[in-house]
*Asks:* 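Sending over a structure as structure tokens; questions will come in a sec.
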Amino acid sequence: MSEDLDPITPSAALDYYLDARRGELADATLRDHAYRIGTFVDWLEDRKDVANMNDVDVRMVHEWRVWKREDNGDHDPCNMMTMQGQVSTVKQFLYRVADIKGVPETLPDRIRVPSPSKDEQSNDTILSSERTKAILEYLSTYEYASRRHVTLLLMWRVPARRGGIRALDLGDWDSKDRALQFRHRPPLTPLKNGSTSERDVILKEQVAEVLDDYVDGPRIDVIDDQGRKPLITTKRGRPGVSTLQRWIYCVTRPCVIGEECPHDRDPDECEAIPSQKASKCPSSRAPHHVRTGSVTAHRTAGTPRPVISDRGDASEDVLEKHYDKAGNRERARRRQEHIPEDL
């Protein structure tokens with residue numbers, strides 16, 4: 001240990017970092033940093049028995065990266081894009097800790113952030129239109145107007161982010177006009193892009209009917225910690241984003257809707273059967289995959305990009321790069337529809 005360093009525990013270093021960045025970062029970004037760095041801090045304390053940040057070195061950071069990359073049962077393995085974000089955040093953390101002499105000043109500069117290839121920058125995994133229709137048909141039959149039914153329906157038909165759905169209050173639903181109001185209300189329910197994410201979305205009649213039936217039926221009437229009434233609720237109040245994600249992982253497993261397992265797994269032995277482990281199913285999909293599939297389906301159906309951009313709260317450039325996953329032939333067909341016959 002260098003005599004120039006001042007002892008500090010990993011947990012205390014994390015507290016210092018979050019306090020130092022509060023006000024610099026948006027609330028949602030600060031929460032993301034807390035989660036990312038938290039996994040690193042937990043790993044240091046639980047798996048390496050590190051009680052002092054002075055002992056952290058490049059080799060230790062590399063071991064953590066290997067642990068994050070592998071599927072060892074503790075977490076979903078990181079792909080290259082996720083790893084880039086994780087390592088970049090930890091590097092920012094180490095810079096701040098170096099400022100207070102918790103780690104060597106040279107350590108952060110020696111941490112190399114992975115650079116994904118162009119193909120890796122855009123994940124092609126989506127929830128296809130065909131699968132979504134099958135799942136929604138099942139939910140409409142066996143879980144009609146349930147919170148899982150409503151959540152998937154809004155993610156697909158808006159398309160809305162899980163954070164946006166979580167942020168909705170009961171008063172944000174105007175049944176008469178079939179309008180949902182997405183509003184930025186930090187710190188409990190911020191929207192992804194702050195106040196610029198605020199918008200009203202008109203739902204199709206059949207979607208609005210399901211939402212009305214949920215509100216009039218199985219919705220649990222609760223008040224959250226801020227005295228607000230969430231639109232989507234659980235017995236404990238407003239669901240967390242991880243809860244919404246788990247619902248989607250659960251309902252997108254083929255076996256849940258009565259389909260045969262495409263992976264030849266025995267249901268009695270499959271690790272993905274418990275709801276907490278639903279993401280372990282290779283066919284399960286996350287909310288982001290639902291949103292990506294929705295954008296692709298909307299574009300294929302001819303919905304103009306500006307319309308999807310406004311409803312889904314994403315710039316047209318972001319839609320093109322990260323959400324529209326149509327292949328080259330499908331894109332060619334779309335363009336062909338706009339070419340005059342007699343040109």
Side-chain angles (χ1 to χ4, degrees), residues 5 8-48 50-72 74-118 120-123 161-163 166 186-187 190-194 197 240-242 244-245 279 286-288 291 314 318 321-322:
L5 299 180
I8 184 171
T9 66
S11 295
L14 174 57
D15 290 341
Y16 164 78
Y17 175 85
L18 295 176
D19 185 65
R21 301 304 305 271
R22 191 167 284 111
E24 294 181 5
L25 303 174
D27 292 338
T29 303
L30 193 66
R31 284 195 297 272
D32 285 342
H33 281 214
Y35 171 76
R36 292 174 179 179
I37 300 169
T39 64
F40 178 60
V41 166
D42 290 344
W43 180 84
L44 288 175
E45 295 178 333
D46 297 342
R47 289 168 179 78
K48 302 301 291 185
V50 172
N52 189 346
M53 287 296 295
N54 299 174
D55 298 326
V56 176
D57 57 18
V58 173
R59 181 175 297 180
M60 200 171 291
V61 175
H62 174 72
E63 291 177 7
W64 167 74
R65 287 177 57 173
V66 171
W67 177 77
K68 289 291 291 182
R69 189 175 62 225
E70 293 178 344
D71 183 1
N72 52 29
D74 292 325
H75 59 271
D76 293 330
C78 286
N79 59 32
M80 186 61 73
M81 277 299 296
T82 302
M83 185 65 75
Q84 182 186 50
Q86 296 269 343
V87 176
S88 176
T89 304
V90 167
K91 185 170 183 173
Q92 293 180 54
F93 167 62
L94 294 175
Y95 271 122
R96 291 296 178 126
V97 179
D99 288 343
I100 56 172
K101 297 184 178 181
V103 296
E105 185 177 359
T106 58
L107 176 61
D109 288 329
R110 297 173 62 198
I111 304 301
R112 298 185 180 278
V113 178
S115 299
S117 66
K118 184 176 180 180
E120 290 170 326
Q121 290 178 26
S122 184
N123 189 342
R161 295 184 180 89
R162 55 180 179 168
R166 178 181 183 273
L191 296 181
K192 173 72 173 180
N193 297 310
S197 289
V241 290
S242 60
L244 295 174
Q245 177 161 294
S279 63
H288 177 74
R291 182 172 160 88
V318 169
K321 181 176 181 181
H322 295 290

*Asks:* Between R31 and Y35, do the side chains contain a donor N or O and an acceptor N or O under 3.5 Å apart?
*Replies:*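 Distance-only check fails for Y35 and R31.
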*Asks:* About how many Å separate CZ of R161 and NE2 of H288, when rounded to the nearest 0.5 Å?
*Replies:*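 These two atoms lie 10.0 Å from each other.
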*Asks:* In the structure I gave you, are the side-chain heavy atoms of V87 and H62 within less than 4.5 Å of one another anywhere?
*Replies:*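 Not touching, per the 4.5 Å side-chain cut-off.
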*Asks:* Can you tell me how far apart CD (E63) and NZ (K68) are? Round to the nearest 0.5 Å.
*Replies:*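 Nearest 0.5 Å value for the CD-NZ distance: 15.5 Å.
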*Asks:* Let me confirm one number: the CG-CG distance from L14 to D19, rounded to the nearest 0.5 Å.
*Replies:* 11.0 Å
*Asks:* Taking only residues two or more places apart in sequence or in another chain, which ones pass side-chain contact (heavy atoms from CB on, under 4.5 Å) with V58?
*Replies:* L107, R110, I111
*Asks:* Is any side-chain heavy atom of R22 closer than 4.5 Å to one of L30?
*Replies:*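 Counting from C-beta outward, L30 and R22 do come under 4.5 Å.
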*Asks:* What are the two closest heavy atoms between V241 and G163, and how far apart are they?
*Replies:* CG1-CA, 4.2 Å
*Asks:* Going by side-chain contact (heavy atoms from CB on, under 4.5 Å), name the residues that satisfy it together with A51, two or more places apart in sequence or in a different chain.
*Replies:* none
*Asks:* Can you measure from CG (N54) to OG1 (T9) and round to the nearest 0.5 angstrom?
*Replies:* 10.5 Å
*Asks:* Nearest 0.5 Å, please: how far is CZ in R162 from OG in S242?
*Replies:*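 Taking OG in S242 and CZ in R162, the distance rounds to 7.5 Å.
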*Asks:* Would you tabulate the side-chain donor-acceptor contacts of residues 95-103 under 3.5 Å, counting partners in other chains and residues two or more places apart, or write 'none'?
*Replies:*
unit_1, atom_1, unit_2, atom_2, d
Y95, OH, D109, OD1, 2.3
R96, NH2, E24, OE1, 3.0
R96, NH2, E24, OE2, 3.3

*Asks:* With heavy-atom distances below 4.5 Å as the criterion, would you say the side chains of V50 and M60 are in contact?
*Replies:* yes
*Asks:* Within the structure provided, determine whether S279 and Q245 are in side-chain contact (heavy-atom separation under 4.5 Å).
*Replies:*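 The answer is no; the side chains never approach within 4.5 Å.
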*Asks:* If I take atom CH2 from residue W64 and atom CD from residue Q86, how far apart are they, to the nearest 0.5 angstrom?
*Replies:* 5.0 Å
*Asks:* Quick one: does E45's side chain get under 4.5 Å of S11's, heavy atoms only?
*Replies:*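 Side-chain contact under 4.5 Å: yes.
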*Asks:* Between M53 and F93, which heavy-atom pair has the shortest distance, and what is it?
*Replies:*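 Answer, listing the atom of M53 first, then F93: CE-CE2, 3.8 Å.
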*Asks:* Apply side chain to side chain contact (heavy atoms under 4.5 Å, CB included) to the pair V90 and R36, showing each step before the final yes or no.
*Replies:* CA-CA 7 Å; V90 167; R36 292 174 179 179; 5.7 Å; no
*Asks:* Do D42 and T39 have side chains that get closer than 4.5 Å, going by heavy atoms?
*Replies:*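 When only atoms from C-beta onward are counted, T39 and D42 do not touch, as no gap falls below 4.5 Å.
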*Asks:* Given side chains that start at C-beta, do those of H33 and Q92 come closer than 4.5 Å, heavy atoms only?
*Replies:* yes
